2 protein chains.
Amino acid sequence: MDHPDQTDALEEAAIERPFLSNYLLFLLASTSASASEEFHATVRANGLRVPEWRVLACLHEEDGQMVTRLAPLALAEQSRLTRIIMQMDARGLVERRSDPEDRRRVRIYLTDEGRALAEDMIARARDHEAELLSVLPAGKGEELRKLLKEVHAKLTARD
Amino acid sequence: MDHPDQTDALEEAAIERPFLSNYLLFLLASTSASASEEFHATVRANGLRVPEWRVLACLHEEDGQMVTRLAPLALAEQSRLTRIIMQMDARGLVERRSDPEDRRRVRIYLTDEGRALAEDMIARARDHEAELLSVLPAGKGEELRKLLKEVHAKLTARD
DNA sequence: GATCATTGCATGATATTTCATGCTTCCAGT
DNA sequence: ACTGGAAGCATGAAATATCATGCAATGATC
């Protein structure tokens, strides 16, 4: 029996179920980018780069973390984070201390100035998050948060 | 009447409701990163950088897009995308044609080689997505996809 | 306790990104 | 048509990121 031309079949398939707008990795990256855009502008307006803000937030949550622990949390590669932390140190936001238990380790601590900035920025982040949620249909934001926590936990558990 | 020391109050608050692990922008960025990690390795194994793969996917969906339309879709800044496309052109994956309707515009088209690679990578992306979904609790992935589509639509509508 | 592998971080060289700005082409108002 | 402004893309110079590798400290094995 005859069958349709293969190229046409492929194109039809592409039209019938658009790939990109349903592709989970695209939706995640794109939603993350558009949700973060505004706040990242605030971050830069406060003289911080995005990974620097992330480091402040991580340290505020748990002070004295190692560089290699901070790197994945701040979504930055190790050598990059090392340099970012050197700059934050030079600027007086954090302090590096070698760990007496294991002298290969460098533990990062917030300075008073760093802690103040972290608290300030976290307050802004909370405000921005509230605004963001208010744009969404009621409940959708919380639903999304809950789902992301579950999915994120599953994904990071595979290590 | 007396009140507790302010620093203690702040610290308690931080302990009681951890900020980061509930912060929507963190959950989005971090989930996106960990979900994409594996597939991005595949992308690089196929000789593509992540934005190049995104360009291929966008063009496969709609060929002949402008640079300024492609840039936000590929999550890359315009001048960066210009250079990425120049490289893809040099490699024979895409072709740049000036738009006769408006000669400021440069429209990007897949070459046959580019289209073949795009189709190949999209197939891999579909497979990877299926694997990813199979790791998650049943239904969670589809739930997430649906929510992200709604939220992403709301967020990008504000322009 | 010597050796070998590994972990944790730093760093040099290279490649990439970014920012501001330049150059065209188009459009609106006159 | 002419002028001012904006859109679309390109590009140089400076800042950053990346990759591989180096070095030091630790742990494991014999």
Side-chain angles (χ1 to χ4, degrees), chain A residues 29 33 36-37 40-55 58-59 62-91 93-109 159, chain B residues 29 33 36-37 40-55 58-59 62-91 93-109 159:
Chain A
S36 298
E37 193 177 27
H40 287 179
T42 301
V43 168
R44 282 185 290 271
N46 281 72
L48 291 170
R49 285 175 302 175
V50 171
E52 290 175 332
W53 143 241
R54 290 188 173 135
V55 166
C58 290
L59 291 178
E62 181 186 336
D63 207 10
Q65 298 192 64
M66 313 170 34
V67 171
T68 38
R69 180 102 188 291
L70 242 23
L73 288 174
L75 305 180
E77 186 251 353
Q78 176 263 318
S79 72
R80 178 145 107 92
L81 195 64
T82 289
R83 293 191 232 249
I84 285 173
I85 284 176
M86 290 190 311
Q87 294 174 36
M88 295 178 75
D89 186 354
R91 184 173 157 190
L93 295 177
V94 300
E95 209 178 288
R96 298 149 30 107
R97 300 187 209 144
S98 151
D99 184 338
E101 303 284 302
D102 181 340
R103 296 193 348 270
R104 292 170 302 183
R105 298 180 176 173
V106 174
R107 298 202 168 267
I108 317 298
Y109 295 86
D159 297 340
Chain B
S36 299
E37 192 177 29
H40 287 179
T42 301
V43 168
R44 282 185 290 272
N46 281 72
L48 291 169
R49 285 175 302 174
V50 172
E52 291 175 331
W53 143 241
R54 290 187 172 134
V55 166
C58 290
L59 291 179
E62 181 187 336
D63 207 9
Q65 298 192 64
M66 310 169 37
V67 172
T68 38
R69 180 104 187 291
L70 241 25
L73 288 173
L75 305 180
E77 188 250 353
Q78 176 263 318
S79 72
R80 178 144 107 93
L81 195 64
T82 288
R83 293 192 232 248
I84 285 172
I85 284 177
M86 291 191 310
Q87 295 174 38
M88 294 176 76
D89 186 353
R91 185 174 156 189
L93 296 177
V94 300
E95 208 178 288
R96 298 149 30 106
R97 302 187 209 144
S98 151
D99 184 340
E101 304 282 304
D102 181 340
R103 296 196 346 270
R104 290 170 301 183
R105 296 180 176 174
V106 173
R107 296 201 170 269
I108 317 299
Y109 295 86
D159 298 340

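Letters A, B, ... are given to chains in the order of the sequence lines, protein chains preceding strands, and every chain is numbered from 1. All values reported here derive from a predicted model rather than from experimental measurement. The analysis underlying the following values was restricted to heavy atoms, covering all of them including side chains, and did not include hydrogens, waters or symmetry mates.
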Checklist outcome for this item: Here the distance between atom P of dT25(C) and atom CZ of Arg107(B), to the nearest Å, is 17 Å

Next on the checklist: To the nearest 0.5 Å, what is the distance between CG on Leu75(B) and CZ on Arg54(B)?
Outcome noted: 4.5 Å

Checklist entry - Given atom CG of Leu70(B) and atom C1' of dC9(D), what is their separation to the nearest angstrom? => result 13 Å

Item to check | NZ/NE/NH1/NH2 to OD/OE distance under 4.0 Å, Glu77(B) and Arg80(B) | outcome: no

Next on the checklist: Show, in sequence, the C-alpha distance, side-chain angles and deciding distance for Ile85(B) and Leu70(B), and conclude whether the side chain to side chain contact (heavy atoms under 4.5 Å, CB included) test is met.
Outcome noted: CA-CA 10 Å; Ile85(B) 284 177; Leu70(B) 241 25; 4.1 Å; yes

Next on the checklist: Is there a side-chain contact between Ser79(A) and the phosphate of dT11(C), meaning an N or O under 4.0 Å from OP1 or OP2?
Outcome noted: no

Item to check | Met88(B) to Glu52(B) - nearest heavy-atom pair and separation | outcome: CE-O, 3.6 Å

Checklist entry - At their closest point, which heavy atom of Gln65(A) faces which heavy atom of Leu73(A), and how far apart are they? => result OE1-CD1, 3.7 Å

Contacts under 3.5 Å, N or O only, protein and nucleotides 1-8 of chain C:
residue	atom	partner	partner atom	Å
dT7(C)	O2	Arg104(A)	NH1	2.7

Every protein N/O lying under 3.5 Å from an N/O of nucleotides 21-23 of chain D:
none

Checklist entry - Below 3.5 Å, does any donor atom in the side chain of Arg103(A) face an acceptor in the base of dG27(D), or the other way round? => result no

Checklist entry - In whole Å, what is the span from the CD atom of Glu52(A) to the C1' atom of dA17(D)? => result 14 Å

Next on the checklist: Tell me whether the side-chain N or O atoms of Arg49(A) pair up with the base of dT16(D) as donor and acceptor below 3.5 Å, since no angle test is needed here.
Outcome noted: no

Item to check | Comparing Ile84(A) and Asp99(A) on DNA chain D - which has the more 5′ nearest nucleotide | outcome: Ile84(A)

Next on the checklist: As a quick check of understanding, evaluate side chain to side chain contact (heavy atoms under 4.5 Å, CB included) for Asp63(B) and Arg107(B), giving each step before the final call.
Outcome noted: CA-CA 9 Å; Asp63(B) 207 9; Arg107(B) 296 201 170 269; over 6 Å; no

Checklist entry - Between atom CZ of Arg104(B) and atom OG of Ser98(B), what is the distance when rounded to the nearest 0.5 Å? => result 11.5 Å

Next on the checklist: If you count every heavy atom of other residues, nucleotides or ligands that lies below 6.0 Å from Gln87(A) atom CD, does the total exceed 12?
Outcome noted: yes

Next on the checklist: Return whichever of Gln87(A) or Arg44(B) has its heavy-atom-nearest nucleotide of DNA chain D closer to the 5' end.
Outcome noted: Gln87(A)

Checklist entry - Taking all atoms of both residues into account, what is the closest heavy-atom pair of Asp89(B) and Arg96(B), and its distance? => result OD2-CD, 3.1 Å

Next on the checklist: Between P on dA10(C) and CG on Asp89(A), what's the gap in Å once rounded to a whole number?
Outcome noted: 10 Å

Checklist entry - Can you check whether Glu101(B)'s main-chain N or O pairs, donor with acceptor, with Asp99(B)'s side chain at less than 3.5 Å? => result yes

Item to check | Side chain of Arg80(A) - closest among dT16(D), dC19(C), dA10(C) | outcome: dT16(D)

Under 3.5 Å, which N/O atoms of the protein pair with N/O atoms of nucleotides 1-3 of chain D?
none

Checklist entry - For Arg83(A) and dA10(C), what is the distance between atoms CZ and P respectively, to the nearest whole Å? => result 10 Å

Checklist entry - Once you round it to whole Å, what is the distance between C1' of dT25(C) and CD of Glu101(B)? => result 14 Å

Item to check | Atom pair CG/CG of Leu93(A) and Leu48(A) - distance to nearest 0.5 Å | outcome: 6.5 Å

Checklist entry - Taking N and O atoms by type only, does the side chain of Arg96(B) place a donor or acceptor under 3.5 Å from a partner on the base of dG8(D)? => result no

Checklist entry - Can you tell me how far P of dT11(D) sits from CG of Leu81(B), to the nearest Å? => result 14 Å

Next on the checklist: Measure CD/Glu77(B) against P/dC19(C) and give the value in whole Å, please.
Outcome noted: 7 Å

Next on the checklist: For Val94(A) versus Leu59(A), what's the shortest heavy-atom pair and its separation?
Outcome noted: CG1-CD1, 3.7 Å

